Amino acid sequence: MTIVLNKPEIDGLADAVGVLREWQYEGAPTQLHPGDLGWFWRAGAEATAAAVRTWSRAGRILAVGLLDGPDLLRLTTAPDARQDEELARQLVADVTDPARGVLPAGRVNVEAPPNTLFPDLLGAEEGWPLDDPWTPLRRDLTAPVPAPDLRIEEVGPARAHCFAALLGAAFDGSRFTEDSWRVMASGVPYADARCLLAYDDGGDGGGHGGGDAVAAVTVWSAGPGRPGILEPMGVHRDHRRRGHGEQITLAAAAALRDLGASSALVATPSSNTAAVATYESAGFEPREETRDRYREA
């Protein structure tokens, strides 16, 4: 049967989020998570719908892609379709031809689960080389997570401005605002998410209890018994090198455990050795490195 490429409308996003939830399982390769769509949702439902692509056969979604920027496609497939040659060849045709409306001409990257047919074909038949490595990390959530040393506060509408301010102080060029938080929190994936702020109560003021907000994180569950992710995690630039990254990461893992997640996942460029060390200090274990495939300009 014919495989159909589709750009869903806003009311079709719930279906994409739903299959992504179903496709998360322990031992799965690093892949697109419903939380990735949830974090993108800060740009609004219309923008999220415009960035999503699905591939279906006989009405069943087999692959979901997110254009996480105009030149980066993050894609995963149903677990039983990873070696589906018809699907893989259709994906290759659609991502390599700008007229198909997936990726533009010029330099582009594709992130897909490793050791699956689609990225292998991009390399073997289209000559797309491997890009710089990323390190995925995982923390098992079977046992309780040690309590962090910092005071942790869950973010609701009344503290959205504090969360936005912290992200602005953690990430250069951040455009996240209080309105961004409200839009993100209205999205379908946020039903399984939490935003957290960490406070250093020995600071000079600024939070409940007199402490400074020093770190922030958003966690995304895919439902009970499935892996959850951290996206994003940041530490205020004026409060770094004090262990706050480790503490907010512990809080994130505990929040995911409370949401029923079986493990907590995160990924960072392997070149960012400080980030890798931070996650390891919070009990995350590195997994096999992953690499995008890319097409030269």
Side-chain angles (χ1 to χ4, degrees), residues 1-24 31-82 84 86-106 108-113 116 118 157 160 175-195 218-223 226 228-229 231-232:
M1 293 185 180
T2 303
I3 293 175
V4 178
L5 166 63
N6 186 46
K7 183 169 75 172
E9 301 294 333
I10 291 174
D11 59 5
L13 287 175
D15 291 337
V17 171
V19 295
L20 286 176
R21 283 183 175 135
E22 292 174 4
W23 296 348
Q24 311 303 313
Q31 61 176 329
L32 189 69
H33 190 277
D36 294 312
L37 268 64
W39 175 236
F40 193 97
W41 212 293
R42 69 195 187 279
E46 184 175 347
T48 305
V52 170
R53 301 290 184 274
T54 62
W55 286 262
S56 303
R57 182 168 53 208
R60 180 197 173 200
I61 296 176
L62 295 177
V64 176
L66 173 67
L67 286 163
D68 201 356
D71 55 2
L72 170 61
L73 178 69
R74 303 178 64 189
L75 181 144
T76 194
T77 71
D80 62 351
R82 298 251 158 86
D84 185 318
E86 181 188 20
L87 174 63
R89 293 195 176 281
Q90 186 65 53
L91 291 170
V92 169
D94 289 339
V95 305
T96 55
D97 182 358
R100 305 284 180 95
V102 180
L103 285 168
V108 293
N109 277 51
V110 170
E111 174 193 314
T116 57
F118 162 57
R175 293 181 289 178
F176 193 91
T177 66
E178 179 179 355
D179 285 343
S180 301
W181 187 91
R182 295 177 186 276
V183 170
M184 179 181 74
S186 71
V188 174
Y190 200 78
D192 294 321
R194 299 288 186 274
C195 289
T218 305
V219 298
W220 305 88
S221 170
R226 301 181 186 277
I229 65 168
E231 177 63 36

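Keep in mind the model is a prediction, meaning the values are calculated, not measured.
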Student check: side-chain heavy atoms of L32 and L37 closer than 4.5 Å
yes
Mark yes or no for whether S56, through its side chain, and G59, through its backbone, hold a donor-acceptor pair below 3.5 Å.
no
Looking at every heavy atom in both H33 and G228, which two are closest together, and how far apart are they?
NE2-CA, 3.8 Å
Salt bridge (Lys or Arg N to Asp or Glu O under 4.0 Å) partners of residues 3-13, not counting sequence neighbours, each pair once
none
Any chance CZ of R182 has more than 12 other-residue heavy atoms, nucleotides or ligands included, within less than 6.0 Å?
yes
Minimum heavy-atom distance R82-P113, with the two atoms named:
NE-CG, 4.0 Å
Heavy atoms, side chains only, cut-off 4.5 Å: are L62 and T77 in contact?
no
Correct closest heavy-atom pair for W23 and A63 would be CH2-N, 3.7 Å
Rounded to the nearest 0.5 Å, the CD atom of E22 sits from the CZ atom of R226 at a distance of 7.0 Å
Taking all non-hydrogen atoms of both residues into account, name the closest pair between P189 and P34 and its distance.
CB-O, 3.7 Å
To the nearest 0.5 Å, how far apart are CZ in F118 and CG in L75?
5.5 Å
Derivation and outcome, side-chain contact (heavy atoms from CB on, under 4.5 Å), residues V102 and L73:
CA-CA 8 Å; V102 180; L73 178 69; 3.9 Å; yes
Does F40 form a side-chain contact (heavy atoms from CB on, under 4.5 Å) with D68? I'd like the steps, not just the answer.
CA-CA 8 Å; F40 193 97; D68 201 356; 3.8 Å; yes
Evaluate the side-chain contact (heavy atoms from CB on, under 4.5 Å) criterion for residues V110 and L103: first the C-alpha distance (whole Å), next the side-chain angles of each, then the deciding distance (0.1 Å), finally the verdict.
CA-CA 9 Å; V110 170; L103 285 168; 3.7 Å; yes
Mind listing the closest non-hydrogen atom pair of W55 and L87 along with its distance?
CB-CD1, 4.1 Å
What's the shortest heavy-atom distance between C195 and T218, and which atoms?
SG-OG1, 3.2 Å
Residue pairs fulfilling salt bridge (Lys or Arg N to Asp or Glu O under 4.0 Å) with at least one residue in residues 36-64, sequence neighbours excluded:
D36-R74, R57-D84, R57-E86, R60-D80
Check each of L67, L66, N6 against V52 using the side-chain contact (heavy atoms from CB on, under 4.5 Å) test, and report the only one that passes.
L66
Using the ring pair (Phe, Tyr, Trp, His ring centres under 6.0 Å) rule, pick out the option among W181, F176, Y190, W220 that qualifies with W39.
F176
